[in-house]
Amino acid sequence: VPLLPLPPPNPKMQHHDQQQQQQQQQDPEDAIPILQPDRISHSPTCVIVVGMAGSGKTTLMAQLHRSLEDGAEDALMGEAVGGAGADDGAASSSSRDDAAVDGDGDAAVGRTDADADDAGVGERRQQEQEQTLQEQKSERKSKSKQPTGYLLNLDPATKMVPYGASIDIRDTVDYHQVMMQHKLGPNGAILTCLNLFATRFDQVMAILERRAFGDDTTTTMTSSGGGGASSTSTAENDSSGRKTNASTIVKNKNENNNCKKLLDYILVDTPGQIESFSWSASGQIFSEALASAFPTVLAYVVDTPRCAASPNTFMSNMLYACSMMYRTRLPLVVVFNKTDVVGSEFAQEWMTDYEAFQEALDEFTSSGGGNDSATSGYYASLTRSLSLVLDEFYSVLQHCGVSAATGDGVDDFWAAVDRAAEDFEADYVADLQDRVDERKARRRAKARRDVEKLQRDMGSAKIDD
């Protein structure tokens with residue numbers, strides 16, 4: 001039986017096999033996105049908002065959302081038409097509607113007056129919808145100078161989210177069901193929900209990459225066998241209009257090889273039970289995953305009126321901020337909230353002027369404020385010592401005053417976040433690169449010792465023979 005000739009090689013399959021071989025040979029630590037050249041300059045800044053219960057953290061998230069342009073809507077509209085943009089989608093939909101109306105033209109001749117009135121009402125509604133779409137487009141264009149944001153909610157126990165969360169943990173994990181099935185209390189259920197969500201956080205990172213960089217990450221996901229392959233094939237195998245859009249996508253991908261920045265900020269809301277995030281394994285997974293892909297900043301929200309009532313409360317907040325910073329190694333922004341009730345000037349002065357805090361502590365101690373234990377010699381001495389120790393810690397902190405109720409100080413908040421993002425590049429990325437190099441050196445040393453041990457064992461075996 002004669003052998004059939006082999007089919008000609010498929011260039012796409014060869015390129016795909018080469019990429020897979022390169023990925024298998026590549027060291028996983030070399031594939032950390034944030035260590036890639038020019039990654040930070042094209043990446044949005046991720047802000048993880050943490051704070052004690054009652055500090056106004058969620059209200060601040062809503063106020064920050066108002067100051068940003070929603071990046072999820074534009075991304076979804078562009079994705080719905082194969083990435084060609086909202087204008088092309090509106091044009092294609094209007095052309096389909098016109099075709100449907102033209103197809104019913106013969107039947108419309110024999111309609112009654114009531115049918116004609118209904119048709120007139122439908123046309124007016126269609127015109128109103130088109131006018132509304134045009135107004136929304138013009139409003140988005142007028143807002144184009146605003147930074148674009150994308151919001152995540154990681155609080156499974158909240159009943160209401162006063163902002164538009166693009167990704168919500170409550171859509172994946174049911175807090176009450178977890179509490180009943182595993183017979184847990186409130187804090188244990190929150191921690192379990194975070195642990196369950198951490199098992200799917202790779203999907204969240206894929207969504208964030210797609211929203212942040214658009215079609216460039218779709219190419220990577222397609223080559224690695226991710227969800228981008230199905231979306232690309234759908235765009236190519238749809239109607240003729242979709243085929244044109246798909247060819248446009250390929251052309252744009254070939255022309256723009258560099259990452260394209262579509263988002264300015266990614267905001268992450270965390271549970272009010274702050275220890276369930278800051279001191280849990282799942283919280284560490286979230287923060288390290290985000291920091292491996294985007295410049296990441298911690299924003300610690302402080303209840304300013306409570307700090308004004310007692311210097312000891314201020315010091316306890318600073319200690320907690322210090323512990324989170326050293327645990328995550330991320331730059332931190334101290335956000336003094338509720339400045340519409342009490343101004344934050346005193347707290348920021350305490351952070352920059354050691355003598356001013358000592359004077360406030362002396363006044364608090366002499367006035368007998370709080371209870372006896374708070375003003376006793378031991379606690380006063382401890383607070384003085386801690387203020388001296390943390391004086392150097394304050395120098396690397398960014399801080400600002402914000403009112404979540406009125407929106408005052410939001411611009412100062414974004415300016416502090418941008419400064420902290422610069423610290424991320426200077427400190428965290430350099431430290432991460434040093435840790436990666438150290439692990440590589442340890443692996444090379446271990447491999448060298450293993451080879452030497454194998455050579456010694458083979459030499460001793462030959463002598464025995």
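Scope of the values below: all heavy atoms of this structure, side chains included, with no hydrogens, waters or symmetry mates. On a predicted model such as this, the values are computed, not experimentally measured, just so you know.
When all heavy atoms are compared, the tightest approach of P271 to L194 is CG-CD1, 4.1 Å.
By the 6.0 Å and 45° rule, R435 stacks over the aromatic ring of Y428.
In R306, the CZ atom is not crowded: 12 or fewer heavy atoms of neighbouring residues, nucleotides or ligands sit closer than 6.0 Å. Counting heavy-atom neighbours within 6.0 Å of E452 CD, excluding the residue itself, gives a total above 12. Counting non-hydrogen atoms of other residues, nucleotides and ligands closer than 6.0 Å to CD of E425 gives a total of 12 or fewer.
With N317 contributing its side chain and T313 its backbone, the two residues share a donor-acceptor pair below 3.5 Å. Using modelled atom types, no side-chain atom of R39 and backbone atom of I32 make a donor-acceptor pair closer than 3.5 Å. Between the side chain of D264 and the backbone N or O of T148 there is at least one donor-acceptor pair closer than 3.5 Å. Under a 3.5 Å cut-off, the side chain of D408 and the backbone N or O of S403 do not form any donor-acceptor pair.
Side-chain contact annotation: Y175 with D155, donor-acceptor N/O pair under 3.5 Å absent. Of the N and O atoms on the side chains of T383 and N312, at least one donor lies less than 3.5 Å from an acceptor on the other residue.
In this structure, F294 and L263 have side chains that are not in contact, with every pair of non-hydrogen atoms separated by 4.5 Å or more. Side chains of W350 and Y394 form no contact here, defined as non-hydrogen atoms less than 4.5 Å apart.
Classified by interplanar angle (parallel below 30°, tilted 30° to 60°, perpendicular above 60°), the ring pair Y320/W279 is perpendicular.
A salt bridge between D450 and K446 is present, with a side-chain N of the basic residue lying under 4.0 Å from a carboxylate O of the acidic one.
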